[in-house]
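Comments concern the structure below.
Side chains are part of it too, since the values below use all heavy atoms of this structure and drop only hydrogens, waters and symmetry mates. In what follows, residues are counted from 1 in the order of the sequence shown.
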Amino acid sequence: MGRWGIVALAALAVMGTACSPGSADDVAVSDETATTTTRTPRITDDSGRPPVTFDPCYDIPDDVMHAAGYDAAKKEVADMPMGTYTFLGCAYDKRDHIPGVRRGYGLNILAGNVTLDEEFQKNAHVASQTSINGRPALLEVDPDARNGCKYALQTDFGVVLVTRVLYADHSGPAPQIDWCAGMENLVASVEPFIAN
């Protein structure tokens, strides 16, 4: 598993500081047809790679995550500055207990300045090419990463990784068919908020 694969898994276990909108610098840019927000990245690196211009904890509206069943009031910053690349992350928890099936889900959304091609080269053995709302993407289901499902979406700065782990309500892994159940709809609801 590569360094940013470890980053994605480690971020799911991070219990950082809750997001607070006061710590980021917003600059509103508007034209006749749309209003967008450009945010100064909270973290940059010395790699020469593009700055990460999408911040999952700030740029995904809370109501979108609430509609998906995640308590956005309890989201946690899960950043991973690495020197040679950067990941800005946000961790969510969803407790929709179904006895004997699952206790809930852990969700981590990471925006990083590695390319979709790099992500594919790293995980080609478990990745299949797809698209979300017309955006090039990968679906990654690793049988060795029990109960996990990941989508990688292409952006101008690199990728956004949406990783979910199902917390089974029994010993052993859940059936693999359940690992990604509902994930495509969740990722499609988040995709419109990703900066190119």
Report task. Give the ring-plane orientation class for Tyr70 versus Tyr92, where under 30° counts as parallel, over 60° as perpendicular and anything between as tilted. Result -> perpendicular
Report task. Decide yes or no for Gln129 and Leu138: does some side-chain heavy atom of the first lie under 4.5 Å from some side-chain heavy atom of the second? Result -> yes
Query - Cys180 side chain reached by Val141 side chain, heavy atoms, under 4.5 Å - result: yes
Query raised in the report: Should Asp96 and Arg102 count as an ion pair when the cut-off is N to O under 4.0 Å?
Result: yes
Query raised in the report: Can you check whether Pro99 reaches Asp169 side chain to side chain, under 4.5 Å on heavy atoms?
Result: yes
Report summary line: Minimal heavy-atom distance between Leu110 and Gly89, with the atoms involved, is CD2-CA, 3.5 Å
Report task. Would you name the heavy atoms of Arg164 and Asp178 that are closest together and state the gap between them? Result -> NH2-O, 3.8 Å
Query - Interatomic spacing from SG in Cys90 to CD1 in Ile109 - rounded to 0.5 Å - result: 6.5 Å
Query raised in the report: In Å, rounded to the nearest 0.5 Å, how long is the span from CD1 of Ile194 to CG of Asp55?
Result: 12.5 Å
**Report entry** Non-hydrogen side-chain atoms of Pro56 and Leu88 separated by less than 4.5 Å
**Finding:** yes
Report summary line: Separation between CZ (Phe87) and CG (Asn113), nearest 0.5 Å, reads 7.5 Å
Query raised in the report: Taking C-beta and beyond as the side chain, do Leu107 and Val162 meet within less than 4.5 Å on heavy atoms?
Result: yes
Requested in this report: May I ask you to test the Phe54-Ile60 pair for a side-chain heavy-atom distance under 4.5 Å?
Outcome: yes
Query - Over all atoms of both residues, closest heavy-atom pair of Met65 and Ala72 - result: CB-CB, 4.3 Å
Query raised in the report: Do the side chains of Phe193 and Asp59 get nearer than 4.5 Å, heavy atoms only?
Result: no
**Report entry** Close side-chain approach of Val165 and Arg146, heavy atoms under 4.5 Å
**Finding:** no
Query raised in the report: Quick one: do Val159 and Val126 end up in the same hydrophobic cluster if we chain Ile, Leu, Val, Met, Phe, Trp and Tyr together by side-chain heavy atoms under 4.5 Å apart?
Result: no
Query raised in the report: Thr115 and Glu118: which non-hydrogen atoms are nearest, and at how many Å?
Result: N-OE1, 2.7 Å
Requested in this report: Check whether any side-chain N or O of Trp179 sits under 3.5 Å from a backbone N or O of Leu166 as a donor-acceptor pair, and report yes or no.
Outcome: no
Query raised in the report: Hey, does the side chain of Lys122 reach the backbone of Asp117 with a donor-acceptor pair shorter than 3.5 angstrom?
Result: no
Requested in this report: Mind running salt bridge (charged side-chain N to carboxylate O under 4.0 Å, His left out) on Lys150 and Glu119 for me, showing each step along the way?
Outcome: CA-CA 11 Å; Lys150 178 167 68 172; Glu119 177 69 16; 3.0 Å; yes
Query raised in the report: Which pair of non-hydrogen atoms, one from Asn133 and one from Ala188, has the smallest distance, and what is that distance?
Result: ND2-O, 3.0 Å
Query - Atom pair NZ/NZ of Lys74 and Lys94 - distance to nearest 0.5 Å - result: 15.0 Å
Query raised in the report: So which heavy atom on Ala137 is nearest to which on Leu116, and how close?
Result: N-CD2, 4.2 Å
Requested in this report: Show your reasoning for whether salt bridge (charged side-chain N to carboxylate O under 4.0 Å, His left out) applies to Asp62 and Lys75.
Outcome: CA-CA 9 Å; Asp62 287 350; Lys75 63 188 174 185; 2.7 Å; yes
**Report entry** Check against side-chain contact (heavy atoms from CB on, under 4.5 Å), Tyr151 and Glu184
**Finding:** CA-CA 8 Å; Tyr151 277 86; Glu184 185 173 351; 3.6 Å; yes
Requested in this report: Check for a donor-acceptor pair, side chain of Asn108 on one end and backbone N or O of Thr163 on the other, with a separation under 3.5 Å.
Outcome: no
